[in-house]
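Heads up: the structure comes next, in structure tokens.
Treat the numbers as computed from the prediction; the structure is a model and nothing was measured.
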Amino acid sequence: MKSKLKFFNTLGRNLDEFQPVSDGEARMYTCGPTVYNYAHIGNFRAYVFEDLLRRTLKYFGYKVTQVMNLTDVDDKTIRDSRKKSMSLNDFTAIYKKAFFDDLKALKIDPAEYYPAATDHIPEMIELVKVLLEKGFAYQAEDRSIYFSIAKFPEYGKLARIDMENQRAGVRIKTDEYAKDSVADFALWKAWDENDGDVWWDSPWGKGRPGWHIECSAMSMKYLGKTFDIHTGGIDNMFPHHEDEIAQSESANGCRYVNYWLHCDHLIVNGEKMSKSAGNFFTLRDLLEKGFNGNEVRWVLLGAHYRKKLNFTFDACDQAKMQLRRFGEFFLRLKEIKEGDCVCSTVPDLLAKAEQEFADAMADDLNVSEAFAVMFQLQRDINKMMDNDELNQAGAAAVLEVFRKFDAVLAIFDVDAAKEEAVPEEVLTLAARRQDARKNKDFATADTIRNQLKILGWVVEDSSEGFRCKKI
RNA sequence: GGCGUGGUGGCCGAGUGGUCAGGCUGAGGUCUGCAAAACCUCCUACACCGGUUCAAUUCCGGUCCGCGCCUCCA
């Protein structure tokens, strides 16, 4: 019996039981990347968290519909594409492709929809129209359209921010005079010369959409006016998500999102990641340093999503080591021959582990507990194998359970765990060493061991014979 | 200034009003010709000061320190 899924809801700051709008379905929206550069590992922490959420929902039997937007028009994309004298589309296409390559490397399951902002301008214009008609928005002197937060009394309910008490002076901008209130945000930005050839026609003249309206328009189109889960980085909570709520609820007159989940930041060696500090890493950087997707993913799952994650290369090394141990463990399970040993305790052991794993994940995605369950099971099963207490059927059942765990965590590749092809030369040497051992000629055996080491292989002896492993 | 969040053993990182996290590292041991792998044991922490309580790392108050947001940064 799986326990009930509970999530910490930023809206209300409570651990809430998950009750979807439609039984058995989970509809979620995820703030995706702004495609003006390669995403960094901090970004990927959020995407891995969202993937974990998605996989957990599926593990608990929900049909998931996920939307992740691609912001391919904003100040930064326009600025950098012009810098490179490329069209906006050609420029963003590079980073869209890179983004999807990276997702794949981290085994992040594809969302059902990846709408690009530039493909949904009409929907955004439509939404702005509604807001104007209903009196929530206005056109300012600069011809841009702004949302008037004064018209939405609940403004601040997500981030718990009272605009009255905010620090004055920091938001001063040159165009501020145009707005009724400094906190009003742009729904539609009128064209200016910095935009170059990037503009769309609208009832208010040429221009481009504001950032916030993008998410409202696209989520509405694919998920409906009220949907279940909205995720994002903690820094998107304000103002981005607060603004989404204001626009969407004003336009539709109904609740926008039921559960808001926010992921905290990744820091590097205790400091915020920044290019100037030299601690800024993209996924590509880590792959070049010899870490694979599973290892990076393991590191990114290393702390609860609502806590800061301290990224270190020490953690990467640890992940590598632990994954190697699990790999060996799976291999050992697969090598078990049919036997008549007693495995009567295995089903109970596995059922208990599955239950505890599910309980951990149901509790607001407590991965640390889930990992502890897996380590415990690994140890128990290793012990049984040490004592020849596990037969082939039992081993298969254990592997099956780890496959289920991996459907949620996606770090193992249970079935990819197999022996590397051993070159003939290595095999021959190892066999000769085995003969030497049988003849108690340990000097020769050790010499061959050294030869193998030079070739990059280690040989392990067991009661069954020997096994060659790549160093 | 406002709001929020956190300080756990050498390191990473869960959790709880009263026997357990877990992982890594280190030490010792079993096994092994030697090794490796695996297993066992040990290293018993909860920022500081008060308070509540039979009992606080866990609840309350205060102090110190870190971090985030209030600037279209996940």
Checklist entry - With sequence neighbours excluded, what pairs up with A:K289 under the salt bridge (Lys or Arg N to Asp or Glu O under 4.0 Å) test? => result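 Not a single residue meets the salt bridge (Lys or Arg N to Asp or Glu O under 4.0 Å) criterion with A:K289.
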
Item to check | Residues that A:E460 engages under salt bridge (Lys or Arg N to Asp or Glu O under 4.0 Å), provided they are two or more places apart | outcome: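 Per chain and number, A:E460 pairs via salt bridge (Lys or Arg N to Asp or Glu O under 4.0 Å) with A:R467, A:K469.
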
Considering only atom [atom1], compute the distance from [N] to [M] and round it to an integer number of Å.
N     : M     : atom1 : result
B:C48 : B:G7  : C1'   : 11 Å
B:C20 : B:G62 : C1'   : 33 Å
B:C43 : B:C34 : P     : 29 Å
B:U53 : B:U16 : P     : 24 Å
B:G68 : B:C59 : P     : 25 Å
B:U52 : B:G61 : C1'   : 11 Å
B:U58 : B:G50 : P     : 14 Å
B:C11 : B:C46 : C1'   : 16 Å

Looking across every strand, which nucleic acid part, if any, lies under 4.0 Å from [X] by heavy atom: base, sugar-phosphate, or nothing?
X      : answer
A:G232 : sugar-phosphate
A:H240 : nothing
A:I267 : nothing

Side chain to side chain donor-acceptor pair (under 3.5 Å) with [X]: which residues, sequence neighbours excluded?
X      : value
A:S216 : A:Q247, A:S248
A:D109 : A:R55
A:S81  : none

Checklist entry - Is the shortest distance from a Lys or Arg side-chain nitrogen in A:D72 or A:K96 to a carboxylate oxygen in the other one below 4.0 Å? => result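 Salt bridge flag = yes for A:K96 with A:D72.
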
Checklist entry - When you check the gap from the basic side-chain N to the acidic O, do A:K206 and A:D195 get nearer than 4.0 Å? => result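 Result for this pair is no, no salt bridge flagged.
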
Whole-Å distance between [N] [atom2] and [X] [atom1]?
X      : N     : atom1 : atom2 : result
A:H265 : B:G68 : NE2   : P     : 8 Å
A:L15  : B:G15 : CG    : C1'   : 14 Å
A:L11  : B:C3  : CG    : C1'   : 16 Å
A:E369 : B:G15 : CD    : P     : 6 Å
A:E356 : B:C20 : CD    : P     : 16 Å
A:M374 : B:A14 : CE    : C1'   : 14 Å
A:D363 : B:A21 : CG    : P     : 19 Å
A:F357 : B:A14 : CZ    : C1'   : 15 Å

Item to check | salt bridge (Lys or Arg N to Asp or Glu O under 4.0 Å): pairs with one or both residues in residues 234-243 of chain A, sequence neighbours excluded | outcome: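 Residue pairs passing salt bridge (Lys or Arg N to Asp or Glu O under 4.0 Å), neighbours aside: none found.
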
Item to check | A:M237 or A:W211, whichever maps to the more 5' nucleotide of RNA chain B | outcome: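 So the residue in question is A:M237.
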
Next on the checklist: Both A:R160 and A:C263 contact RNA chain B. Which one's nearest nucleotide lies toward the 5' end?
Outcome noted: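 Between the two, 5'-proximity favours A:R160.
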
Checklist entry - Who pairs with A:D380 by side chain to side chain contact (heavy atoms under 4.5 Å, CB included), at least two apart in sequence or on another chain? => result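 Side chain to side chain contact (heavy atoms under 4.5 Å, CB included) list for A:D380, sorted by chain: A:L349, A:Q376, A:K383.
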
Next on the checklist: Applying side chain to side chain contact (heavy atoms under 4.5 Å, CB included), can you list everything that pairs with A:R332, at least two apart in sequence or on another chain?
Outcome noted: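 Result, side chain to side chain contact (heavy atoms under 4.5 Å, CB included) vs A:R332: A:N382, A:M385, A:D386.
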
Next on the checklist: With a cut-off of less than 4.0 Å, is there a side-chain N or O of A:N366 near OP1 or OP2 of B:G15?
Outcome noted: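 The answer is yes; a side-chain N or O of A:N366 sits under 4.0 Å from OP1 or OP2.
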
Checklist entry - In dot-bracket, 5' to 3', how would RNA chain B read with Watson-Crick or G-U wobble pairs under 3.5 Å, [ ] for crossing ones and | for pairs to another strand? => result (((((((..(((.....[...))).(((((.......)))))....(((((..]....))))))))))))....

Checklist entry - Tell me, for nucleotides 28-39 of chain B in 5' to 3' order, what letter each nucleotide earns: B for a base near a protein heavy atom under 4.0 Å, S for only sugar-phosphate near one, - for neither? => result -----BBBBSSS

Item to check | Neighbour count >12 (heavy atoms, 6.0 Å) for atom CZ, A:R143 | outcome: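 Incorrect, the count does not exceed 12.
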
Could you list, one pair per line, each protein nitrogen or oxygen that sits under 3.5 Å from a nitrogen or oxygen of nucleotides 5-13 of chain B, together with the distance?
| residue | atom | partner | partner atom | Å |
| --- | --- | --- | --- | --- |
| B:G13 | O2' | A:S368 | OG | 3.3 |

Next on the checklist: Testing A:F44, A:F7, A:Y305 one by one against A:F49 for a ring-ring contact (aromatic ring centres under 6.0 Å, His included), which residue passes?
Outcome noted: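 Looking at A:F44, A:F7, A:Y305, the match for A:F49 under the ring-ring contact (aromatic ring centres under 6.0 Å, His included) is A:Y305.
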
Taking only distance into account, with no hydrogens and no angle test, what donor-acceptor pairs under 3.5 Å do side-chain atoms of residues 310-318 of chain A form with protein atoms, sequence neighbours excluded?
| residue | atom | partner | partner atom | Å |
| --- | --- | --- | --- | --- |
| A:N310 | OD1 | A:N269 | N | 3.1 |
| A:N310 | OD1 | A:G270 | N | 2.8 |
| A:T312 | OG1 | A:A315 | N | 3.0 |

